[in-house]
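Just so it is clear: chains get the letters A, B, ... in the order the sequence lines come, proteins before strands, and each one is counted from 1. All figures in this text were calculated on a predicted structure; none of them were measured in a lab.
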Protein chains: 2
Amino acid sequence: MDSKTLCLGALMLGDASGYEIKKTFEDGPFSFFHQTSFGSIYPSLGKLTEQGHVTCDEHEQDGRPDKKVYSLTDSGRAAFIKALTVKPKHDRIRSESMYMLFFAQLLDSGHVHKVFEGYLQGLRHNIETLSNLNDDGISPSRLFVRGFGKAFYEAGIKYMEENRHMVLNDDAVSAGEKS
Amino acid sequence: MDSKTLCLGALMLGDASGYEIKKTFEDGPFSFFHQTSFGSIYPSLGKLTEQGHVTCDEHEQDGRPDKKVYSLTDSGRAAFIKALTVKPKHDRIRSESMYMLFFAQLLDSGHVHKVFEGYLQGLRHNIETLSNLNDDGISPSRLFVRGFGKAFYEAGIKYMEENRHMVLNDDAVSAGEKS
DNA sequence: ACCGGCATGTAACGGGTTACATGATTTT
DNA sequence: AAAATCATGTAACCCGTTACATGCCGGT
């Protein structure tokens, strides 16, 4: 799935600028299963405009560059649906943190600790992000995906909290006193 | 984390050929949080050999090309540990299936059905893969990572089974009869 | 007979990340 | 005073995927 399709999907949620599309992938409903960067969004929007899949309204602004708000056209909507009507590729996950924790016995325990806590915090942050989304009037399938993300992350948090002793062999010490 | 580090990690589990390293990322303990392809493994092994991080033993074989079995050197082990002693990047997940399910209401229900069932099957397959691994004599941190993967996938399966009605609006019909 | 598994490797192509370039305004 | 937010865009580079090239063996 290329960056253009990702942009079309973001615009299915409503007109938006490139900047706002990026936020959708950071804080919005796609945050837990996709990510993009400006370097791919802006060129994609350019190509989509050429192809007639989106139109662009420029709003002048004080000081800042003009805000370019993109809207889907019928052809864009059709292209989006067509792009989604293929066999999906398998999920691709890359987790450096898990790779590090796997090799925890080789690493400095301070570092392992940081990685562990950082990962936990990341999971909590992701749940918060999903929980902050407004669910009013959202279709069941969208709620399903949100719920799936939450279920995933919650299971991860629960597991980590219950099994921290497997990676961190200092809990008894660091919990009480430091000497 | 580049492909070279990934190869070093695979070799930490024992000497292996490029072909076997790939299997480690497909069926082995890394399967759920990383993936690679021959196109990146073979060149990486070449570079690592040049750098002295691995050595290579060639075993002649009947018919097949020689099997090149790589082993870590001390310098390789040190390089690996150094590569892991940095702040990990955030997990990167890309799930085309979830993207499709999010937009289920736009898509042909037959296709949605296929995506849903395919995804569920994929989760089950992942759990099976993790369950087939031999846990004997494995360090706690490695078991932790395995358990994390299982907890993740199990939560996903449970959620999908309990909430299928949110995406699939044909369960009552298709469950009983087909007319 | 054909497909899948074993086994290594190269090359091109595509694509995305990162960094750079610019700059005002608001928050800390 | 510095950092973050808003806002767009380009370019280079890295790197990985995909496809190609080759070939035997075992199972169906």
Side-chain angles (χ1 to χ4, degrees), chain A residues 1-8 10-11 15-28 30 33-50 54 56-70 83 86-94 96, chain B residues 1-8 10-11 15-28 30 33-50 54 56-70 83 86-94 96:
Chain A
M1 173 137 26
D2 56 28
S3 178
K4 278 188 290 180
T5 308
L6 259 19
C7 288
L8 289 175
L11 292 176
D15 298 349
S17 65
Y19 190 85
E20 287 162 346
I21 288 175
K22 199 190 169 218
K23 276 202 298 179
T24 300
F25 283 93
E26 261 168 14
D27 307 311
F30 305 143
F33 56 90
H34 266 292
Q35 39 278 134
T36 26
S37 55
F38 288 134
S40 59
I41 291 172
Y42 286 125
S44 293
L45 288 171
K47 281 174 216 154
L48 288 169
T49 308
E50 278 174 38
V54 302
C56 173
D57 262 0
E58 275 179 69
H59 298 260
E60 278 182 48
Q61 292 189 138
D62 40 310
R64 300 185 217 280
D66 291 0
K67 186 172 182 176
K68 292 176 155 190
V69 176
Y70 294 87
V86 295
K87 197 184 169 196
K89 287 189 203 145
H90 288 143
D91 286 10
R92 180 152 296 165
I93 302 180
R94 22 190 61 200
E96 298 200 349
Chain B
M1 173 135 31
D2 56 30
S3 178
K4 278 188 290 182
T5 308
L6 258 18
C7 288
L8 290 175
L11 293 175
D15 298 349
S17 65
Y19 191 84
E20 287 162 348
I21 290 176
K22 200 191 170 215
K23 275 202 299 180
T24 300
F25 283 94
E26 261 169 14
D27 306 312
F30 304 144
F33 56 91
H34 265 294
Q35 39 278 133
T36 26
S37 55
F38 287 134
S40 59
I41 290 172
Y42 287 123
S44 293
L45 288 171
K47 282 176 214 154
L48 288 168
T49 307
E50 278 174 38
V54 302
C56 174
D57 263 358
E58 275 178 70
H59 298 260
E60 278 183 47
Q61 293 192 136
D62 40 312
R64 301 183 217 281
D66 290 1
K67 187 171 181 177
K68 293 177 155 188
V69 176
Y70 294 87
V86 296
K87 197 183 170 199
K89 287 188 203 149
H90 287 143
D91 285 8
R92 180 154 295 164
I93 303 179
R94 21 191 64 202
E96 298 199 347

**Heavy-atom closest contact (Leu6(A) atom, Met1(A) atom, distance)** = CD1-CG, 3.7 Å
**Separation of dT22(C) P from Tyr19(A) OH (nearest whole Å)** = 19 Å
**Item:** Least distance between heavy atoms, Ser3(B) atom then Ile41(B) atom
**Value:** OG-N, 4.2 Å
**Complete:** All heavy atoms of Asp91(B) vs all of Glu96(A), minimum pair found to be OD1-N, 4.3 Å
**Prompt:** How far does CD1 of Ile21(B) sit from OG of Ser40(B), to the nearest 0.5 angstrom?
**Reply:** 10.5 Å
**Request:** Measure across Val54(A) and Leu45(A) and return the closest heavy-atom pair with its distance rounded to 0.1 Å.
**Result:** CG2-O, 4.1 Å
**Prompt:** Lys67(B) side chain N/O closer than 4.0 Å to the phosphate oxygens (OP1, OP2) of dA7(C)?
**Reply:** yes
**Request:** Please report, rounded to the nearest Å, how far the C1' atom of dC14(D) is from the NZ atom of Lys89(B).
**Result:** 11 Å
**Message:** Output the rounded distance in Å from CG (Leu48(A)) to C1' (dT8(D)).
**Reply:** 16 Å
**Item:** Atom pair distance, as rounded to whole Å: NZ in Lys68(A) and C1' in dC6(D)
**Value:** 16 Å
**Prompt:** Starting at CD1 of Ile41(A) and ending at P of dA11(D), how long is that distance when rounded to a whole Å?
**Reply:** 18 Å
**Message:** From NZ of Lys22(A) over to P of dG9(D), roughly how many Å is that when rounded to an integer?
**Reply:** 15 Å
**Prompt:** Within this structure, what is the CG-to-C1' distance between Asp27(A) and dC6(D), rounded to whole angstrom?
**Reply:** 14 Å
**Asked** Glu26(B) has an atom CD; how far is it from atom P of dA7(C), in whole Å?
**Response** 14 Å
**Item:** Ring-face cation of Lys22(B) near Phe38(B) (centre distance under 6.0 Å, axis angle within 45°)
**Value:** yes
N/O-N/O pairs, protein side and nucleotides 10-16 of chain C side, under 3.5 Å:
from    : atom 1 : to      : atom 2 : distance (Å)
dG16(C) : OP1    : Ser3(A) : N      : 3.0

